[in-house]
Every structure is written in C-alpha cells, then in structure tokens.
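Note that these values count all heavy atoms, side chains included, but never hydrogens, waters or copies made by symmetry.
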Amino acid sequence: MLVLTISGNLGRDPELKTTDQSQVASFSVGVRTGKDETTWVNCSVWGKRADTVMTYFKKGSKVTITGSGKLRNYEKKDGSPGSSLEMNVTDFTLPAREEGSTSALSDFVDGLPF
C-alpha cells in the first residue's frame, strides 16, 4: 500500500455523494511540485469525516491530508495515455482560520479535549 501525506490548496469546493452504505466527499488538492508546476490529486473522504470536509473545506483552503494513494492510468479523448493520482484520505488537518474570521471552526477546535 502506498501511503502519502501531502499539503496543498483545494482546487474546488468538495462535492458530497451518498451511497446505500455511506457518503463520500470528493475534492482536488493542488500540490506545488516545481517553480511553475502543480500536481493535482483527486481525493475522497468517506463516512462521518465527509461531513466535516463539507463544513470546513472550501476552494483555496490550505490542507494537509494523509491516505492511501493510487496512480490510475486511462486513455484520453484524443487516444493518448493519461494518468491520475487518486487518494483515499484517512486523516486531515482542518484549514486554518483566517485572521479576523468568526468562523465556527474556532469553536470546533477550542472545544477539543486535547
């Protein structure tokens, strides 16, 4: 199993889908891999953590996530080969509160017992 920890910014707001058994929040994270290069990682968070992602993750949020990674190969519309890095997220940090923000995130973090 390939376990990754990455830090980057959300490229779009998360999307929530519900299955018969659970729910999943999907989003993409852009990671700077060079001076002018960004690698995009397609991420999924399952279960109750998906609710947390939907509440606190927004486009542009800086996040650090950990999970199992997989490189998926596919054929592009023009017939050329392509690949996509996908991650099943098992742990994440909540986005930092912006200066002067009155977000409920601070109440959530301040209420933690540790």
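Counting heavy-atom neighbours within 6.0 Å of Asp20 CG, excluding the residue itself, gives a total of 12 or less. Other residues, nucleotides and ligands place no more than 12 heavy atoms under 6.0 Å from the NZ atom of Lys70.
Of all heavy-atom pairs spanning Gly69 and Leu4, the tightest one is CA-CD1, 3.9 Å. Shown here for Gly67 and Met87, the closest heavy-atom pair between the two residues is N-CE, 3.2 Å. For Gly60 against Asn9, the heavy-atom pair with the smallest separation is O-ND2, 2.9 Å. Residue Ser26 comes nearest to Ser44 through the heavy atom pair OG-OG, 4.1 Å, listed as atom of the first residue, atom of the second, then distance.
Residues Ile6 and Ile65 are in side-chain contact: their nearest non-hydrogen atoms beyond the backbone lie under 4.5 Å apart. With contacts defined as side-chain heavy-atom distances shorter than 4.5 Å, the pair Leu16/Gln23 qualifies. Looking only at side-chain heavy atoms (C-beta outward), Leu10 and Ser28 stay at 4.5 Å or farther from each other.
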Walk me through it: do Ser84 and Asn42 pass the test side chain to side chain donor-acceptor pair (under 3.5 Å)? CA-CA 8 Å; Ser84 167; Asn42 297 316; 3.0 Å; yes
Derivation and outcome, side chain to side chain contact (heavy atoms under 4.5 Å, CB included), residues Thr33 and Thr38: CA-CA 5 Å; Thr33 52; Thr38 300; 5.8 Å; no
Mind running side chain to side chain contact (heavy atoms under 4.5 Å, CB included) on Val31 and Val29 for me, showing each step along the way? CA-CA 6 Å; Val31 180; Val29 176; 4.2 Å; yes
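In terms of the side chain to side chain contact (heavy atoms under 4.5 Å, CB included) criterion, residue partners of Asp91 (sequence neighbours excluded) are, by chain and number, Arg49, Thr66.
Trp46 and Val89 sit in two unconnected hydrophobic clusters of ILVMFWY residues. Membership requires side-chain heavy atoms under 4.5 Å apart, directly or through other members.
Between Glu86 and Arg72 there is a salt bridge, with a side-chain nitrogen of the basic residue lying less than 4.0 Å from a carboxylate oxygen of the acidic one.
Using a distance-only test at 3.5 Å, with no hydrogens or angles considered, no donor-acceptor pair links the side chain of Ser68 to the main chain of Val3. Between the side chain of Asp13 and the main chain of Lys59, a donor-acceptor pair closer than 3.5 Å is present.
Note that OG of Ser83 is 5.0 Å distant from CG of Leu71, once rounded to the nearest 0.5 Å.
Checking each of Phe92, Tyr56, Phe57 against Phe27 for a ring pair (Phe, Tyr, Trp, His ring centres under 6.0 Å) leaves exactly one that passes, namely Phe57.
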